[in-house]
Asker: 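Input: one structure, supplied below.
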Amino acid sequence: MDPANGEVVGSVELTAIDAIPRLVFQAREAQRGWGALTHQQRADVLRPAAARLKEEARRLGDLASREMGKPLAEAIGEAKYCADGFEEELDGIVTALTDVVREDKRVHSVLRHAALGVCAAITPWNFPILMPHQSVLPALVAGNTVLLKPSEETTLVACEYARILNEFLPAGVLTPVFGDGRQGRALVLADINLVVFTGSRETGKRILADAGPGLKRVILELGGKDPLVVLDDADLDLAAAFAVRNSFRNAGQVCVSTERIYVDASIREEFLRKMVERTAALRQGDPRGEGTTVGPMVNARQKAKVVAQIDAAVAAGATLLIGGEPREGNFVAPTILADVDHAMEIMREETFGPVACVQGFTTLDEAVRLANDTPFGLGAAVFGRDEARAHTVAGRIDAGMVGVNQGCGGADGCPWVGAKESGYGFHSGPEGHRQFAQVRVISRLK
Ligand code: NAD
């Protein structure tokens with residue numbers, strides 16, 4: 001369903017739960033041949049998919065936009081990002097998985113990065129091309145065969161992504177599985193070796209419990225409640241522009257959305273005024289409409305959750321500065337709440353909607369304490385002109401990725417990593433790619 005207008009975008013046949021063990025068996029059979037190739041050979045099999053993804057980027061973007069409501073330009077941008085970086089990503093994975101030699105006076109050892117076997121890749125809907133892409137590529141190059149279970153909200157676009165890769169892959173190497181949590185759970189419980197999961201903390205905990213008895217390997221990239229700390233010397237235009245962009249991008253449905261803003265009390269009023277001004281200029285509406293910057297929530301359930309958090313916060317004393325009013329369909333207006341505190345659910349649980357919550361602080365210790373007062377630890381950002389001071393504050397924030405005067409994403413080659421309950425294992429960059437492989441140490445006397 002298109003969440004912007006309720007129209008049916010398409011349909012697929014669900015994978016029968018009792019068919020899943022057979023699909024896993026086929027993937028295991030296919031793994032023998034696929035696993036026998038070198039990393040480089042596997043990357044070379046996949047390489048021609050780059051050109052096909054480039055050709056199809058507009059169509060994939062359009063489909064993603066219609067399935068989950070992302071503004072069209074952003075959805076096409078997501079598809080292009082995957083297509084344009086495809087070959088470089090393959091090369092990076094091959095390099096990361098290359099043998100490493102370690103030796104001392106007596107022993108010569110080779111560290112190999114072997115396949116784990118069969119991988120279940122289970123993905124969310126908010127980046128419906130990027131998430132399958134980041135899970136599937138390293139798993140395949142490492143020599144695993146993969147069953148991809150995309151979100152039930154964005155099945156069609158993930159199916160198209162898999163179809164393009166399957167133009168080049170041998171049969172059984174990449175198998176899409178269609179359904180919701182039931183199919184996902186059946187996959188985790190089946191005879192697989194690795195679960196690569198991106199999604200909510202709650203589902204991550206369930207997967208960990210289901211994978212535990214078989215000691216299956218897991219990589220869990222989970223939700224967040226990212227703080228932004230605005231110090232008294234921050235460039236307020238820069239900080240407000242970032243706060244608005246990172247709170248409302250993808251209608252706030254981003255794992256590293258800014259969900260909590262702590263601003264020095266001395267600059268609070270001016271910062272809020274700038275945020276409200278910029279928020280008023282956003283254009284919400286048809287994701288395929290000219291100039292739309294904010295689309296709908298992915299579905300009515302997500303909308304209801306966001307609206308309930310806003311209403312509860314306002315009832316508990318939060319001040320609504322802009323937005324908050326009910327909108328037709330699945331839309332929630334970009335909303336700024338001030339005078340919030342940690343007694344409110346909206347400051348504790350992931351919102352995943354277009355809401356910016358602003359709380360003042362008076363000392364750096366207080367700012368750090370508030371930023372760390374959460375079980376989550378995905379991303380964070382600190383804005384301040386004195387970079388050394390901002391870096392010191394950043395270093396005290398217990399998150400996997402912290403940006404100083406920018407978002408939390410690192411340079412090329414950095415992992416995408418969550419701390420605390422935002423992650424268990426991680427992906428991307430050499431360290432992330434290696435988690436899709438089994439390290440084997442093969443040694444001989446010199
Ligand atoms: P979700 O946890 O509801 O679902 C994710 C996937 O898991 C879906 O494919 C779903 O069908 C499947 N699933 C549900 N129950 C399952 C079970 N018991 N066993 C196996 N699979 C199961 O998450 P969502 O609503 O699709 O996505 C939003 C969440 O994803 C947010 O919490 C967001 O922060 C998080 N996310 C995290 C990152 C990151 O990199 N850390 C990136 C994107 C999204």
Side-chain angles (χ1 to χ4, degrees), residues 3 14-15 17 20 67-70 78 119-135 147-155 157-159 176-190 192 194-212 216 218-226 249-259 297-303 305-306 349-353 374-380 399-401 407-410 414-429 432:
L14 293 181
T15 305
I17 303 274
I20 287 177
E67 271 193 292
M68 58 75 62
K70 184 174 292 201
E78 182 182 336
C119 166
I122 302 175
T123 55
W125 46 265
N126 63 333
F127 286 90
I129 308 165
L130 181 64
M131 295 294 112
H133 175 75
Q134 286 181 331
S135 312
L147 295 111
L148 169 64
K149 211 297 285 169
S151 167
E152 53 275 31
E153 302 288 352
T154 51
T155 298
V157 69
C159 179
V177 169
F178 302 128
D180 59 16
R182 287 164 291 185
Q183 279 78 1
R185 177 153 202 252
L187 259 183
V188 174
L189 294 173
I192 51 131
L194 167 69
V195 186
V196 180
F197 171 76
T198 305
S200 64
R201 178 177 60 149
E202 290 63 36
T203 307
K205 287 181 182 178
R206 279 186 213 119
I207 288 177
L208 195 55
D210 281 339
K216 292 167 185 168
V218 293
I219 300 173
L220 306 177
E221 289 280 7
L222 308 176
K225 192 76 194 165
D226 287 13
R249 180 166 73 108
N250 207 17
Q253 302 168 120
V254 178
C255 54
V256 290
S257 269
T258 295
E259 295 223 349
M297 302 277 82
V298 71
N299 56 33
R301 196 164 20 94
Q302 190 60 25
K303 177 185 179 179
K305 180 184 162 204
V306 174
E349 293 300 328
E350 190 175 35
T351 304
F352 228 53
T374 171
F376 294 103
L378 192 55
M401 301 170 285
C408 70
C414 285
W416 186 261
V417 52
K420 300 199 279 188
E421 294 187 17
S422 287
Y424 196 97
F426 56 89
H427 64 65
S428 295

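In each ligand, atom 1 is the first atom listed, and ligand 1 is the first ligand listed. The structure displayed is predicted, hence computed values, not measured ones.
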Asker: Starting from atom 7 (O) of ligand 1, what is the nearest protein heavy atom, named by residue and atom, and what distance separates them?
Answerer: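 For atom 7 (O) of ligand 1, the nearest protein heavy atom comes out as Phe197 CE1, 3.2 Å.
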Asker: What residue and heavy atom of the protein are closest to atom 20 (C) of ligand 1, and at what distance?
Answerer: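 Going atom by atom, the protein heavy atom closest to atom 20 (C) of ligand 1 ends up being Gly184 C, 3.2 Å.
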Asker: Any nitrogen or oxygen of Arg206, main chain or side chain, under 3.5 Å from a nitrogen or oxygen of ligand 1?
Answerer: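 No: no nitrogen or oxygen of Arg206 is under 3.5 Å from one in ligand 1.
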Asker: Which atoms of ligand 1 sit under 4.0 Å from any heavy atom of Asp180?
Answerer: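 Here the atoms of ligand 1 in question are 11 (O).
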Asker: When you compare ligand 1 with Arg201, is there at least one nitrogen or oxygen pair between them that comes in under 3.5 angstrom?
Answerer: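 Arg201 vs ligand 1: no N/O contact under 3.5 Å.
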Asker: For atom 32 (O) of ligand 1, find the nearest protein heavy atom and state the residue, atom name and distance (0.1 Å precision).
Answerer: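 Ranking protein heavy atoms by distance from atom 32 (O) of ligand 1, first comes Glu350 OE1, 2.6 Å.
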Asker: Return yes when Phe127 approaches ligand 1 closer than 4.0 angstrom through a heavy atom, no otherwise.
Answerer: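 In this structure, Phe127 fails to qualify as a contact of ligand 1 - no heavy atom is under 4.0 Å.
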Asker: Could you identify the single nearest non-hydrogen protein atom to atom 28 (C) of ligand 1 and state the distance to 0.1 Å?
Answerer: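 Scanning the protein heavy atoms, the shortest distance from atom 28 (C) of ligand 1 goes to Phe352 CE2, 3.7 Å.
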Asker: For ligand 1, indicate whether the residue Asp210 contacts it via side chain, backbone, both or neither (heavy-atom separation under 4.0 Å).
Answerer: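 It is neither; nothing of Asp210 touches ligand 1.
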Asker: Looking at atom 24 (P) of ligand 1, what's its closest protein heavy atom, distance included?
Answerer: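 Atom 24 (P) of ligand 1 sits closest to the protein heavy atom Trp125 NE1, 3.4 Å.
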Asker: What is the nearest protein non-hydrogen atom to atom 35 (C) of ligand 1, stated with its residue, atom name and distance?
Answerer: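 Of every protein heavy atom, Gly199 O, 3.2 Å lies nearest to atom 35 (C) of ligand 1.
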Asker: Regarding Lys305 and Thr351, do their side chains bring together a donor and an acceptor under 3.5 Å, going by distance alone?
Answerer: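 There is no such pair (donor and acceptor under 3.5 Å, judged by atom type) between the side chains of Lys305 and Thr351.
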Asker: Side chain, backbone, both or neither: which part of Gln253 has a heavy atom under 4.0 Å from ligand 1?
Answerer: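 None of Gln253 does.
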Asker: So is Gly418 touching ligand 1 or not, going by heavy atoms under 4.0 Å?
Answerer: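 Gly418 does not count as a contact of ligand 1 under the 4.0 Å cut-off.
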Asker: So for Gly423, does at least one of its heavy atoms come nearer than 4.0 angstrom to any atom of ligand 1?
Answerer: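 It does not; every heavy atom stays at 4.0 Å or beyond.
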Asker: Students should be able to answer this: which protein heavy-atom is nearest to atom 41 (N) of ligand 1, and at what distance?
Answerer: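 Of the protein heavy atoms, Leu222 O, 2.7 Å lies nearest.
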Asker: Which ligand 1 atoms, with their elements, are less than 4.0 angstrom from a heavy-atom of Trp416?
Answerer: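 Answer for ligand 1: 39 (C), 40 (O).
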Asker: Below 4.0 angstrom from a heavy atom of Thr123, which ligand 1 atoms are there? Numbered from 1 as shown, please.
Answerer: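 Listed by number with element: 6 (C), 8 (C), 9 (O).
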Asker: Could you say whether the N/O atoms of Asn126 and ligand 1 ever approach to under 3.5 Å?
Answerer: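 In this structure, Asn126 places no N or O atom under 3.5 Å from an N or O of ligand 1.
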Asker: Consider every N or O of Glu152 and every N or O of ligand 1, then say whether any pair is closer than 3.5 Å.
Answerer: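 Among all N and O atoms of Glu152, at least one is under 3.5 Å from an N or O of ligand 1.
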Asker: Which residue holds the protein heavy atom closest to atom 39 (C) of ligand 1, what is that atom called, and what is the gap in Å?
Answerer: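 Of every protein heavy atom, Cys255 SG, 3.4 Å lies nearest to atom 39 (C) of ligand 1.
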Asker: Ligand 1 and Ser422, any nitrogen or oxygen pair closer than 3.5 angstrom?
Answerer: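 Not met; the criterion fails.
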